[in-house]
Engineer: 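My questions will all concern the structure given below.
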There are 2 protein chains.
Amino acid sequence: MGTTQLESVPEPKYWHLKTVLSEALDSEFSVGEILPNERDLAARFGVARATLRQALEQLELEGRLQRRRGVGTTVAPPRVGVAVGTEQHAWPGTATDAWQLADSALELPPAAVAVALETGPEDTVHIVRRSRMTHGQPVAAELLYVPQSSVPDLSAIDAPSGTARARAVLRELQRLELEGQDSAVELGSARADDAKQLDRLPGAPVLVVTTRFFAGGRTAALSVATYRADTCRLTFGDSGGVEIHQHPERQAS
Amino acid sequence: MGTTQLESVPEPKYWHLKTVLSEALDSEFSVGEILPNERDLAARFGVARATLRQALEQLELEGRLQRRRGVGTTVAPPRVGVAVGTEQHAWPGTATDAWQLADSALELPPAAVAVALETGPEDTVHIVRRSRMTHGQPVAAELLYVPQSSVPDLSAIDAPSGTARARAVLRELQRLELEGQDSAVELGSARADDAKQLDRLPGAPVLVVTTRFFAGGRTAALSVATYRADTCRLTFGDSGGVEIHQHPERQAS
DNA sequence: AAGTGGTCTAGACCACCAC
DNA sequence: TGGTGGTCTAGACCACTTC
C-alpha cells in the first residue's frame, strides 16, 4: 500500500538553489550588481559553501553570473552575439573585422592539424595568433595554421617577426581564390595560454570553432578559434542572431 | 635573496591530474573501456575523491569520458559530427533528416520566444517536439515554435494529437516559401525535460542552437534545439566538418 | 591587512544499476 | 545486495584584488 510519492525524485539542493537564485537575479538584481559573498549566501540558504558554489557554477556557465577571484560575484550582462558565419567566402583578415593580429611564427603544428592540412608530420606551418575584442572585452583567441605551400611567395625580408609577419602571411593568403569553407563548433576547456588571453582561469568553458578554408582543391588554411562560452553567443547565417534566453522554465500545458 | 621561482604559480592538483589522466587515456585505454572507480583512482593518485572528480568532470566536458551512475566511467568515443547548417534554406522536416517527431500542442510560449516571433504575450503557438538520433544515441531535443498565423490552414480535424498533429504542422509550414534563416549557438545546461530525452542528468552541458526561419517578411518559425555538448560537434557549412581534437598541448617554439 | 573566490580534504549518505 | 557515480557537509588553506 505504498504512499503515493509524487516527489519520488527529490530535487538536488544545488538545483533548487540555482532556480531560486535565477529568479532572484531576474527580479531583484540588475546587471553589474555584486552579490553577497559565497560564505554569506551559503549561510543565508542554510547550505554548505560547496553546495552554493555548485549552483553558482551553473549560473556562470549559463552566462548569468561572472565571478572574479579577489573581487566578487556580479550579475553578467546578456551574452554578446558574435558573428562567426557571416564572413562566408572571405579569407581571415579580409574585411575590417574585430580581429587583432598578435604575432606569427613558423612552427610544427599539432598532429591533428597536420592531418587536416595534409602536411607531413615534420612540416612546419605558419601559425598566426589573433585575438578578438568586443565591447572592450576579449572574446576569442585564434590560432590560424597556414601551410607554407599556401603562401609560397612570402619572403622572410617582408615579414621579419611579430605583427608585421602576421600581416604579411594574411596578405599572401588573400591572393589565393577562396573556394569554400566549413566550420565546426564544440565545447572545450581553455588551455593555459588561451585562458590568459581570454582573462579567464585555465579550464574555463570555451566554444571551439574550427574552420577550414579551401583553395586550389585542398585545405589552404585552418583556423582554431576559442570563444569564451560564458559571454558569447555565436551567430551563423543571414543576420545578427537571435535574442533568446531560456531563463523562465516553459510552463506545462 | 629571491630564489628564482620558475614555478611561482603552482598548478592546481586537479589540473595536473587531468593532464595525467588525459595522457593515460591516449596511450593506455581504448574506447569503451571502463576506468577504475573514483575511490580507487583517488587513492591511487593520493588525492581526495572530490579533487579526482574535478578532473573527471573536465574530461567529461571535453568529451573524453562518459560517466553513468551505478555503472562506472568509460572512455568516450570521439565526438560525432552533427550537421546543423547544411539544411540551409530548407524547412525543418523537409528532407529525410535524422529528426524524429514526438508530438505537438498549442501552448503559450516563453516570453522570449513570443518576442522573437512577434506574437502577442497571450497568443498560443504550435509547439512541435522532435528529437534527433545518431548511431542509436539521442543527441538533440528540439522545440519548434510555429505561430498560428504561419499555418492558417491547419485544421484540427487533420491533426488530432501527438505525432500526426506534429506532422501536419510541418506539412503546412512547408507550403510557405522560405526566404532565409539564421542560427545562433550558445552554451547552456539541460532542463529537466531535455535531460531526460538526452539520457543525461539535469544541468548537463548542452549546446543550444536557436534558428529563425523567415518567410513572408517575418519570422515564420523558431527552433530551439538542445544538443549534448559532451558527445556532439556541430558542423556548419559546405561539407561534413573537421576532425580536429586538441588533446595534445601545442608545444612552444 | 582584509575580503573575495579557488582549491582541497575526509568523511557521510543517497540514487541508480547489475547481479 | 554490493558497487557505482551523485550530492552534501564543515571545515582548512591558498591566490588574488583592493584598500
Side-chain angles (χ1 to χ4, degrees), chain A residues 5 7-19 21 33-61 64-76 189-190 192 195-196 199-205 230, chain B residues 5 7-19 21 33-61 64-76 189-190 192 195-196 199-205 230:
Chain A
Q5 288 204 73
E7 262 308 320
S8 66
V9 179
E11 206 172 41
K13 277 190 188 177
Y14 78 91
W15 185 259
H16 180 244
L17 246 184
K18 182 192 138 185
T19 307
L21 284 170
E33 204 171 341
I34 68 175
L35 269 62
N37 71 55
E38 297 183 348
R39 290 160 180 88
D40 285 355
L41 273 181
R44 180 175 313 186
F45 288 105
V47 298
R49 191 178 155 218
T51 305
L52 186 269
R53 277 180 62 81
Q54 210 170 341
L56 293 185
E57 247 148 56
Q58 283 227 358
L59 289 171
E60 191 180 28
L61 200 79
R64 309 285 317 272
L65 293 179
Q66 192 159 347
R67 296 192 288 174
R68 274 173 303 172
R69 171 155 46 178
V71 179
T73 302
T74 58
V75 180
S189 51
K196 197 162 293 183
D199 192 26
R200 297 257 60 196
L201 291 179
D230 55 345
Chain B
Q5 288 203 73
E7 264 307 323
S8 66
V9 180
E11 207 171 40
K13 276 190 188 177
Y14 79 90
W15 185 258
H16 181 243
L17 247 184
K18 181 193 140 186
T19 307
L21 284 170
E33 203 171 342
I34 68 174
L35 270 62
N37 72 55
E38 297 183 349
R39 290 161 180 86
D40 285 354
L41 273 181
R44 180 176 314 187
F45 287 105
V47 299
R49 190 178 157 220
T51 304
L52 185 269
R53 277 179 62 80
Q54 212 170 341
L56 293 185
E57 248 148 55
Q58 284 226 0
L59 290 171
E60 192 180 28
L61 201 78
R64 308 285 316 272
L65 292 179
Q66 192 158 350
R67 296 192 288 175
R68 273 173 304 174
R69 171 154 47 178
V71 179
T73 302
T74 58
V75 180
S189 51
K196 197 162 293 182
D199 193 25
R200 298 257 61 196
L201 290 178
D230 55 344

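Remember, it's a predicted structure, so these values are computed and weren't measured experimentally. Letters go in sequence order (proteins before strands), and every chain restarts at 1.
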Engineer: Are any of B:Thr73's side-chain N or O atoms less than 4.0 Å away from OP1 or OP2 of D:dT4?
Structural biologist: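 No, no such contact exists.
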Engineer: Out of curiosity, A:Ser189 OG to A:Leu201 CG, how far, rounded to the nearest 0.5 Å?
Structural biologist: 12.5 Å
Engineer: Excluding sequence neighbours, so at least two apart, what forms side-chain contact (heavy atoms from CB on, under 4.5 Å) with A:Ala195?
Structural biologist: A:Ala190, A:Pro202
Engineer: Taking any heavy-atom pair under 4.0 Å as a contact, classify A:Leu56: base, sugar-phosphate, or nothing.
Structural biologist: nothing
Engineer: Measure the distance from NZ on B:Lys13 to P on C:dG6 and round it to the nearest whole Å.
Structural biologist: 19 Å
Engineer: Would you compute the distance between atom OG1 of B:Thr74 and atom CZ of B:Arg64 and round it to the nearest 0.5 angstrom?
Structural biologist: 12.5 Å
Engineer: Listed in order of residue number, which residues of residues 45-54 of chain A have a non-hydrogen atom at under 4.0 Å from DNA chain C?
Structural biologist: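 The stretch gives A:Arg49, A:Arg53 as the residues lying under 4.0 Å from the strand, ordered by number.
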Engineer: If I take atom OG1 from residue B:Thr19 and atom CD from residue B:Glu11, how far apart are they, to the nearest 0.5 angstrom?
Structural biologist: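 Between atom OG1 of B:Thr19 and atom CD of B:Glu11 there are 5.5 Å.
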Engineer: Heavy-atom contacts under 4.0 Å between residues 36-44 of chain A and DNA chain C, which residues?
Structural biologist: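 Heavy-atom contacts with DNA chain C come from A:Asn37, A:Glu38, A:Arg39.
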Engineer: Could you tell me the separation between the CG atom of B:Leu17 and the CD atom of B:Gln58, rounded to the nearest 0.5 Å?
Structural biologist: 11.0 Å
Engineer: Measure NE2/B:His16 against C1'/C:dC8 and give the value in whole Å, please.
Structural biologist: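 It is 16 Å, rounded to the nearest whole Å.
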Engineer: Considering only D:dT7, C:dA15, C:dG6, which nucleotide approaches the side chain of A:Tyr14 most closely?
Structural biologist: D:dT7
Engineer: What integer distance in Å separates B:Arg200:CZ from C:dC16:P?
Structural biologist: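 Atom-to-atom, B:Arg200 to C:dC16, this comes out as 15 Å.
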Engineer: Considering residues at least two apart in sequence or located in another chain, which fulfil the side-chain hydrogen bond (donor to acceptor under 3.5 Å, both in side chains) criterion with A:Glu57?
Structural biologist: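 Here no residue qualifies.
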Engineer: Can you run through DNA chain C from 5' to 3' and write each base as (, ), [, ], | or . depending on how it pairs? Watson-Crick or G-U wobble, both distances under 3.5 Å.
Structural biologist: ||||||||||||||||||.
Engineer: Measuring from A:Leu61:CG to B:Leu61:CG, what's the distance to the nearest 0.5 Å?
Structural biologist: 7.5 Å
Engineer: For residues 43-56 of chain A, run the donor-acceptor check on the side chains, cut-off 3.5 Å, and write out each pair with its distance to 0.1 Å, sequence neighbours left out.
Structural biologist:
unit_1: A:Arg49; atom_1: NE; unit_2: A:Glu38; atom_2: OE1; d: 3.0
unit_1: A:Arg49; atom_1: NH2; unit_2: A:Glu38; atom_2: OE1; d: 3.0
unit_1: A:Arg53; atom_1: NH1; unit_2: A:Glu38; atom_2: OE1; d: 3.2
unit_1: A:Arg53; atom_1: NH1; unit_2: A:Glu38; atom_2: OE2; d: 3.0

Engineer: Send over the distance from B:Ile34 CD1 to C:dC17 P, rounded to a whole Å.
Structural biologist: 16 Å
Engineer: Quickly work out the A:Gln66 CD to C:dT4 C1' distance and round it to whole Å.
Structural biologist: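 To the nearest whole Å, that distance equals 15 Å.
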Engineer: Between A:Leu65 and A:Leu35, does the side-chain contact (heavy atoms from CB on, under 4.5 Å) criterion hold? Intermediate values first, please.
Structural biologist: CA-CA 9 Å; A:Leu65 293 179; A:Leu35 269 62; 4.1 Å; yes
Engineer: Take atom CZ of B:Arg67 and atom C1' of C:dC16, then tell me their distance rounded to the nearest Å.
Structural biologist: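 Distance check: B:Arg67 CZ to C:dC16 C1' gives 15 Å.
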Engineer: May I have the distance from B:Leu201 (atom CG) to D:dT4 (atom P), rounded to whole angstrom?
Structural biologist: 18 Å
Engineer: Return the value, rounded to whole Å, for the distance between atom CZ of A:Arg68 and atom P of C:dG3.
Structural biologist: 19 Å
Engineer: I want to verify a distance call: between C:dC16, D:dT17, C:dG5, whose nearest atom is closest to the A:Arg69 side chain?
Structural biologist: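 Between C:dC16, D:dT17, C:dG5, the one nearest the side chain of A:Arg69 would be C:dG5.
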